[in-house]
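These numbers come from the heavy atoms of this one structure, side chains and all, not from hydrogens, waters or symmetry mates.
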Amino acid sequence: MGTVTWDAPDGDHPARRAVRAAMAAAAGGRKQEWLALFAPDAVIEDPVGPSMLDPEGKGHRGPDGIERFWDENIARVRTFHFRVSDSFANGPACANVVTITATLDGGTTTTIDCLTVYTVDDDGLITSFRAHWEPDRVMATLTSPQDAGKRLQGHAHSPAP
């Protein structure tokens, strides 16, 4: 199971409630709960623009596209740790400064520093989720269990200061 740490303003706001629910569902691996948070015409852009997750940069649209996004991306992560360090809610949207640590099967980890923007409709359903992050920066954080073991071994042989 993953975690959500909210170190940000948390005043009640419909979009902020949706953010918290979406992160909790993803961290808990609860696909159906997560899918139920999205309006039928919703779009996910994660990251915004063309990337290895969305080569055309058009986003993942509607129930089928959003479910496919879960299956191809979220479901591949064994553990999510979300840390929200700031949050700005106004109008129908909430923008958040987030650090996500994702652990994949086999123990490989990566860290995603990003700005996420969720927009909701009058019923509080997510109509748009846009995540701004740079794939190259994320790829530079990939760490395998072997990498961690090598670092620990290197420290074991280092003289004490």
Side-chain angles (χ1 to χ4, degrees), residues 1-104 108-143:
M1 287 292 165
T3 59
V4 178
T5 303
W6 197 274
D7 294 329
D10 63 353
D12 190 42
H13 184 278
R16 188 174 282 137
R17 284 194 302 268
V19 170
R20 293 179 74 113
M23 287 180 183
R30 297 185 300 272
K31 177 182 176 179
Q32 294 307 314
E33 182 180 319
W34 186 81
L35 291 172
L37 297 169
F38 290 87
D41 59 346
V43 62
I44 293 176
E45 296 174 83
D46 184 359
V48 171
S51 73
M52 67 281 210
L53 303 181
D54 180 12
E56 294 183 24
K58 295 181 179 180
H60 309 274
R61 298 180 178 278
D64 291 340
I66 290 170
E67 184 170 11
R68 193 167 33 260
F69 179 81
W70 175 283
D71 292 343
E72 294 175 358
N73 299 292
I74 296 173
R76 293 181 181 198
V77 176
R78 185 176 64 196
T79 308
F80 279 107
H81 296 287
F82 295 91
R83 181 179 172 275
V84 181
S85 59
D86 214 343
S87 180
F88 306 89
N90 51 3
C94 186
N96 307 284
V97 179
V98 184
T99 298
I100 304 166
T101 303
T103 303
L104 308 173
T108 297
T109 63
T110 189
T111 301
I112 305 161
D113 290 315
C114 58
L115 175 69
T116 64
V117 181
Y118 289 75
T119 304
V120 298
D121 63 15
D122 291 340
D123 295 323
L125 294 176
I126 300 166
T127 58
S128 172
F129 166 52
R130 303 183 83 213
H132 298 267
W133 53 274
E134 297 177 15
D136 290 344
R137 288 173 58 177
V138 172
M139 296 305 288
T141 70
L142 280 173
T143 304

Q.
Rounded to the nearest 0.5 Å, what separates atom CG in L142 from atom OG1 in T109?
A. 7.5 Å
Q: Check A18 against G124 and note the closest heavy-atom contact, atom names and distance.
A: CB-O, 4.0 Å
Q | Atom CE of M139 with >12 non-hydrogen neighbours under 6.0 angstrom | A | no
Q) Would you say the side chain of E67 lies within less than 4.5 Å of the side chain of L35, judging by non-hydrogen atoms? A) yes
Q) Sub-3.5 Å donor-acceptor pair from the side chain of R30 to the main-chain atoms of A24, do we have one? A) yes
Q | Check: M23 and V84 side chains under 4.5 Å, non-hydrogen atoms | A | yes
(Q) Between R16 and D10, does any NZ, NE, NH1 or NH2 come within less than 4.0 Å of an OD or OE carboxylate oxygen? (A) no
Q: Scan R130, H132, R61 and name whichever one has a side-chain hydrogen bond (donor to acceptor under 3.5 Å, both in side chains) with E45.
A: R130
Q: Using a 4.5 Å cut-off on heavy atoms from C-beta on, say whether the side chain of H81 contacts that of T5.
A: no
Q. A8 and S87: which non-hydrogen atoms are nearest, and at how many Å?
A. CB-N, 3.7 Å
Q | Rounded distance [0.5 Å steps], CZ in R20 versus CG in L37 | A | 13.5 Å
Q.
For a 4.5 angstrom cut-off between non-hydrogen side-chain atoms, does Y118 reach T116?
A. yes
**Q.** Side chains of C114 and I100 in contact at under 4.5 Å (non-hydrogen atoms)
**A.** yes
Q) Taking atom CZ of R76 as the centre, does the number of heavy atoms from other residues, nucleotides or ligands within less than 6.0 Å exceed 12? A) no
Q: Consider only side-chain N and O atoms of S85 and D7, and report whether a donor and an acceptor are under 3.5 Å apart.
A: no
Q: Evaluate the ring planes of H60 and F69, with Trp represented by its six-membered ring, and classify them as parallel (under 30°), tilted (30 to 60°) or perpendicular (over 60°).
A: tilted
(Q) Restricting to non-hydrogen atoms, name the atom on A26 and the atom on F80 that form the minimum distance, rounded to 0.1 Å. (A) O-CD1, 3.7 Å
Q) What's the shortest heavy-atom distance between P92 and A15, and which atoms? A) O-CB, 3.7 Å
**Q.** L115 and F88, any side-chain heavy atoms less than 4.5 Å apart
**A.** no
**Q.** Atom of A25, atom of E33 and distance for their closest heavy-atom approach
**A.** CB-OE2, 3.8 Å
Q) Are the side chains of D86 and P9 in touch, meaning some heavy atoms are under 4.5 Å apart? A) yes
Q: Determine, step by step, whether W133 and D46 satisfy the side chain to side chain contact (heavy atoms under 4.5 Å, CB included) criterion, reporting the C-alpha distance in whole Å, the side-chain angles of both residues, the deciding distance to 0.1 Å, and the verdict.
A: CA-CA 8 Å; W133 53 274; D46 184 359; 2.6 Å; yes
Q: Report yes or no: does T79 contribute a side-chain atom to a donor-acceptor pair with the main-chain N or O of T103 at less than 3.5 Å?
A: no
Q. Do T127 side-chain atoms and T119 backbone N/O form a donor-acceptor pair below 3.5 Å?
A. yes
(Q) With heavy-atom distances below 4.5 Å as the criterion, would you say the side chains of F38 and I44 are in contact? (A) yes
Q) Does L125 offer a backbone N or O that forms a donor-acceptor pair with the side chain of D123 under 3.5 Å? A) no
Q: Apply the test side chain to side chain contact (heavy atoms under 4.5 Å, CB included) to residues D71 and K31: give CA-CA distance (whole Å), side-chain angles for both, the deciding distance (0.1 Å), then the verdict.
A: CA-CA 9 Å; D71 292 343; K31 177 182 176 179; 2.7 Å; yes
Q: Go through the steps for V19 and W6 under the test side chain to side chain contact (heavy atoms under 4.5 Å, CB included), then give the verdict.
A: CA-CA 11 Å; V19 170; W6 197 274; 3.9 Å; yes
Q.
Has D136 got a side-chain atom pairing as donor or acceptor with A140's backbone, closer than 3.5 angstrom?
A. no
Q | Nearest-0.5 Å distance that lies between atom CG in D113 and atom CD in E134 | A | 10.0 Å
**Q.** Least distance between heavy atoms, A42 atom then I126 atom
**A.** CB-O, 3.3 Å
